[in-house]
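In this text the structure is predicted, and so the values were computed from the model without any measurement. Start at 1 with the first residue, then count along the sequence.
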Amino acid sequence: MGEIPKEILDKHWEYFENSIGYKKIEEYKNQNILPSKQRALFRIISNHELLKKIIIGKPSEIRELIDQYNEVVINKGIIISNEVFSFYKDFIVTGGWNSIWLKINREAWLSHKKNIKARMIYLDKRFSSMEMLYGLGKNDRLNIGVLKSRFNNINNNISSNLESWNDLLKSIFDYSKFIEINDNWNAYKYTTDLGITVCPYCNRNYIHTLETDSGRTRAELDHFYPKSLYPFLSISIYNLIPSCHICNSNLKGSKNFFEEQHMHPFENLNQSKITFKLHYTDLKIETVIPNTNQFEIDFDFSPSLKNSEMTMINNSLKTFKTKELYNNHKDIAQELIYKAYYYNRTKIEELQSILGDNSGIDENFIERIVYGNYIHENNFGKRPLAKFTGEIISNLEN
C-alpha cells in the first residue's frame, strides 16, 4: 500500500493535538496522586517530537517506541517496583502456573526451594501493608500450594497496577473517541481519505466506506500491534490497518505482531516477491482444462528474499490462512486457465485492433473484460482477488 499521504498524516496529527487526550498529558505530569516515576514518564511523553512519532510515526519508528516502552516502562519498574517485577518475571516466563505445576519435579523443587522461600519472606515484609501476602516465617513449611497462593496475590496486584496504568494511557490516546460518529476527523474519514477498498491482508474482501443518513459501514481497523499491550499506540495511524472482519477478528484476533513479526501492509515487501502459482498434483492431465482436484493454489518466493523477510511472510500466511482460503477459489483458477488458453495475448491484440484506437477502449480494459479482474500490480488493490488473477494469468502466459 505504500506510505500514507502527508495530508492524511497532517489531519490525524491536528486531530490529536486538539483532543482532550492531548490536554490530559499536562494534567497527569503534574498530578501528585500518581507515583513520581509515572509523572516523570508523562513529562517525557509530552515532548512534541516524541508525540508526533507516537501518532504519525512510520512502522519502523513504532517498533523503536515499543522497544523503548518495554525497556523503560515494563522492565524498569515504572508501573510496579523492580523487586516485585523481577520476582514476577521469574515465574511468568515459565508459562504460568499450569505449566509450572507440570514442569516442577522433586529435584528442581528442592534445589530452588530455599531461594524461593527467602524471596517470599522478603516480599511478605515489603508488602504486608498491602495485604498481598500473609506472614511466612523462616521455620514455616513452604509447599507448592502456598507458593501458588502467594504468586497469585502478586499477580493480581501487578494486573491491577497494569490496568490502572493502561487506563491512563487509553484516556490520552483515546480510540473510543476516534471511532465516534461526529463532524471531526474520525475513523470513517480516515478510511474514506485513505481510499483502500480491498482488505490488504487477504485481497479477498471489499472494505468500502459508506456514510448515509440511514446507515454506515467502513473497514474494521486492526491494531497491528495490539492496543491491549501497547495502549499508547491506540490511535497511531500506522498501527490502524483497514481490514475485513475475517482477517481482523476471526483470524488475527489479539496476536502480538511485535513478538512474532508479520508483513506490515504499509511497508515491507514488493508484491512481486511473493506470487500465486498453480501446483499440479496430477501429472497425467489429459484435458486442456484440469479438474480442480488435479492442482492446488500455492506460492512462489523470490530467491532475493532475506531470512527475516521469509519469516514475516510465513508468519503472515499462517496467521491469515492464505493458502487454505485461496484453495477455495480453485474454480476461479480453472476459469483463468480456460481464458488464458482461448483468449491468449494474440487474441487480445486482435480484439483491440478490431475495435480501433478511436473506440476509447484500451488493452487494459479488454484484459479486464476477458479475465474479469485487474491483472497488473499497480491495480491489485482495486478489486478482490486481483493479485491472484493477475499472477495466475502471468504464470499461464509464460
K.L.:
Apply side chain to side chain donor-acceptor pair (under 3.5 Å) to Tyr201 and Asp222, showing your working.
P.N.:
CA-CA 10 Å; Tyr201 286 135; Asp222 168 48; 2.5 Å; yes
K.L.:
Evaluate Lys382 against Val198 for side chain to side chain contact (heavy atoms under 4.5 Å, CB included), listing each step before the verdict.
P.N.:
CA-CA 6 Å; Lys382 291 183 177 180; Val198 179; over 6 Å; no
K.L.:
Under 3.5 Å, which donor-acceptor pairs link side chains of residues 223-230 to any protein atom two or more places apart or in another chain?
P.N.:
unit_1 : atom_1 : unit_2 : atom_2 : d
His223 : NE2    : Ser234 : O      : 2.8
Tyr225 : OH     : Arg63  : NH1    : 3.2
Tyr230 : OH     : Asn256 : ND2    : 3.2

K.L.:
I need the Ile241 CD1 to Glu220 CD distance, nearest 0.5 Å.
P.N.:
13.5 Å
K.L.:
When you measure from the side chain of Asn315 to the backbone of Thr311, do you find a donor-acceptor pair of N or O atoms at a distance under 3.5 Å?
P.N.:
yes
K.L.:
Test side chain to side chain contact (heavy atoms under 4.5 Å, CB included) on Leu9 and Glu14 and set out the steps.
P.N.:
CA-CA 9 Å; Leu9 298 179; Glu14 183 181 3; over 6 Å; no
K.L.:
Give the C-alpha distance, both sets of side-chain angles, the deciding distance and a yes or no for salt bridge (Lys or Arg N to Asp or Glu O under 4.0 Å) between Asp193 and Lys189.
P.N.:
CA-CA 6 Å; Asp193 285 11; Lys189 291 180 173 56; over 6 Å; no
K.L.:
Is there a donor-acceptor contact under 3.5 Å from the side chain of Thr319 to the main chain of Ser316?
P.N.:
no
K.L.:
Would you call Phe320 and Asn250 a side-chain contact if the rule is heavy atoms closer than 4.5 Å?
P.N.:
no
K.L.:
Kindly confirm or rule out a cation-pi arrangement of Lys252 over Phe257, judged by NZ or CZ under 6.0 Å from the six-membered ring centre and within 45° of its axis?
P.N.:
yes
K.L.:
Which other residues end up in the same hydrophobic cluster as Leu210, if Ile, Leu, Val, Met, Phe, Trp and Tyr are linked when side-chain heavy atoms come under 4.5 Å apart?
P.N.:
none
K.L.:
As a quick check of understanding, evaluate salt bridge (Lys or Arg N to Asp or Glu O under 4.0 Å) for Asp300 and Lys277, giving each step before the final call.
P.N.:
CA-CA 6 Å; Asp300 265 334; Lys277 72 173 183 179; 3.3 Å; yes
K.L.:
Measure the shortest side-chain to side-chain distance between Arg368 and Arg383 over non-hydrogen atoms and say whether it is less than 4.5 angstrom.
P.N.:
yes
K.L.:
How many angstroms lie between atom SG of Cys202 and atom CG of Asn248, to the nearest 0.5 angstrom?
P.N.:
11.0 Å
K.L.:
Begin from the C-alpha positions of Gln68 and Glu64 and carry the test side chain to side chain donor-acceptor pair (under 3.5 Å) through to its verdict.
P.N.:
CA-CA 6 Å; Gln68 293 168 11; Glu64 290 175 5; 5.1 Å; no
K.L.:
Do other residues, nucleotides or ligands put more than 12 heavy atoms under 6.0 Å from the CD1 atom of Ile361?
P.N.:
yes
K.L.:
Could you tell me if the side chain of Ile337 sits less than 4.5 Å from the side chain of Leu396, heavy atoms only?
P.N.:
yes
K.L.:
Around Tyr280, counting heavy atoms of other residues, nucleotides and ligands shown, do more than 12 lie under 6.0 Å from its OH?
P.N.:
yes
K.L.:
Would you name the heavy atoms of Pro242 and Ile196 that are closest together and state the gap between them?
P.N.:
CG-CD1, 4.3 Å
K.L.:
Report yes if the side chains of Leu194 and Thr209 come closer than 4.5 Å at any heavy-atom pair, otherwise no.
P.N.:
no
K.L.:
Does a sphere of radius 6.0 Å around CG in Asp331 hold more than 12 heavy atoms from other residues, nucleotides or ligands, not counting ones at 6.0 Å or beyond?
P.N.:
yes
K.L.:
Salt-bridged, Glu26 to Lys23, with N to O below 4.0 Å?
P.N.:
no
K.L.:
Which atom names give the shortest non-hydrogen contact between Pro200 and Ser243, and what distance separates them?
P.N.:
CD-CA, 4.4 Å
K.L.:
Using 30° and 60° as the class boundaries, would you call the ring planes of Trp185 and Tyr190 parallel, tilted or perpendicular?
P.N.:
perpendicular
K.L.:
Under 3.5 Å, which donor-acceptor pairs link side chains of residues 44-52 to any protein atom two or more places apart or in another chain?
P.N.:
unit_1 : atom_1 : unit_2 : atom_2 : d
Ser46  : OG     : Arg43  : O      : 2.6
Asn47  : OD1    : Glu49  : N      : 3.1
Asn47  : OD1    : Leu50  : N      : 2.9

K.L.:
Could you tell me if the side chain of Glu367 sits less than 4.5 Å from the side chain of His376, heavy atoms only?
P.N.:
yes
K.L.:
Is the side chain of Ser236 donor-acceptor paired with the backbone N or O of Tyr238 at a distance under 3.5 Å, no angle test?
P.N.:
no
K.L.:
Are any of the side-chain heavy atoms of Ile289 and Gln334 separated by less than 4.5 Å?
P.N.:
yes
K.L.:
With Phe16, which of Phe178, Phe232, Tyr22, Tyr175 fulfils ring pair (Phe, Tyr, Trp, His ring centres under 6.0 Å)?
P.N.:
Tyr22
K.L.:
Is there a path of hydrophobic side-chain contacts, each under 4.5 Å between heavy atoms of I/L/V/M/F/W/Y residues, joining Tyr69 to Tyr28?
P.N.:
yes
K.L.:
Should Arg39 and Asn32 count as side-chain neighbours, where that means a heavy-atom distance under 4.5 Å?
P.N.:
yes
K.L.:
Would you find more than 12 non-hydrogen atoms of other residues, nucleotides or ligands less than 6.0 Å from Lys318 atom NZ?
P.N.:
no
K.L.:
Checking ring-ring contact (aromatic ring centres under 6.0 Å, His included) for the pair Trp165/Phe42: CA distance, chi angles, key distance, verdict?
P.N.:
CA-CA 11 Å; Trp165 169 253; Phe42 284 121; 5.5 Å; yes
K.L.:
In the structure I gave you, are the side-chain heavy atoms of Asn379 and Asn364 within less than 4.5 Å of one another anywhere?
P.N.:
no
K.L.:
Quick check: is Tyr206 connected to Ile246 through a chain of hydrophobic side chains (ILVMFWY, heavy atoms under 4.5 Å apart)?
P.N.:
no
K.L.:
Inspect the surroundings of NZ in Lys53 and state if more than 12 heavy atoms from other residues, nucleotides or ligands are less than 6.0 Å away.
P.N.:
no
K.L.:
Report the C-alpha distance between Lys387 and Glu391 in whole Å, list the side-chain angles of each, state the deciding distance to 0.1 Å, and finish with yes or no for salt bridge (Lys or Arg N to Asp or Glu O under 4.0 Å).
P.N.:
CA-CA 6 Å; Lys387 177 176 170 65; Glu391 290 170 354; 2.5 Å; yes
K.L.:
Report the C-alpha separation of Ile313 and Phe299 in whole Å, then their side-chain angles, then the decisive distance to 0.1 Å, and conclude whether the side chain to side chain contact (heavy atoms under 4.5 Å, CB included) test is met.
P.N.:
CA-CA 11 Å; Ile313 289 172; Phe299 304 97; over 6 Å; no
K.L.:
Below 4.0 angstrom, N of the basic side chain to O of the carboxylate: do Glu260 and Lys255 qualify?
P.N.:
no
K.L.:
Please determine whether salt bridge (Lys or Arg N to Asp or Glu O under 4.0 Å) holds for the pair Glu180 and Lys177, giving the CA-CA distance in whole Å, both sets of side-chain angles, and the decisive distance to 0.1 Å.
P.N.:
CA-CA 5 Å; Glu180 283 182 358; Lys177 288 288 184 186; 3.8 Å; yes
K.L.:
Ring-plane angle category for His329 and Tyr326, please: parallel below 30°, perpendicular beyond 60°, tilted otherwise.
P.N.:
perpendicular
K.L.:
Treating Thr281 as the side-chain partner and Gln294 as the backbone partner, does any N or O pair qualify as donor plus acceptor under 3.5 Å?
P.N.:
yes
K.L.:
Would Glu309 and Lys273 count as a side chain to side chain contact (heavy atoms under 4.5 Å, CB included) if you check the C-alpha gap in whole Å, the side-chain angles of each, and the deciding distance to 0.1 Å?
P.N.:
CA-CA 10 Å; Glu309 291 175 321; Lys273 289 191 175 184; 4.1 Å; yes
K.L.:
Just by modelled atom types, is the Gly390 backbone N or O under 3.5 Å from a matching donor or acceptor in the Asn373 side chain?
P.N.:
no
K.L.:
With ring pair (Phe, Tyr, Trp, His ring centres under 6.0 Å) as the test, pick out the partner of Phe276 among Phe380, Phe388, Phe301, Phe295.
P.N.:
Phe388
K.L.:
For Glu17, look at atom CD and say whether over 12 heavy atoms of other residues, nucleotides or ligands are found less than 6.0 Å away.
P.N.:
yes
K.L.:
With rounding to the nearest 0.5 Å, note down the distance linking CD1 in Ile8 to OG1 in Thr192.
P.N.:
10.0 Å
K.L.:
Return yes when atom NZ of Lys330 has more than 12 non-hydrogen atoms of other residues, nucleotides or ligands closer than 6.0 Å, and no otherwise.
P.N.:
yes
K.L.:
Which atoms form the tightest heavy-atom contact between Ile54 and Leu233, and what is the distance?
P.N.:
O-CD2, 4.5 Å
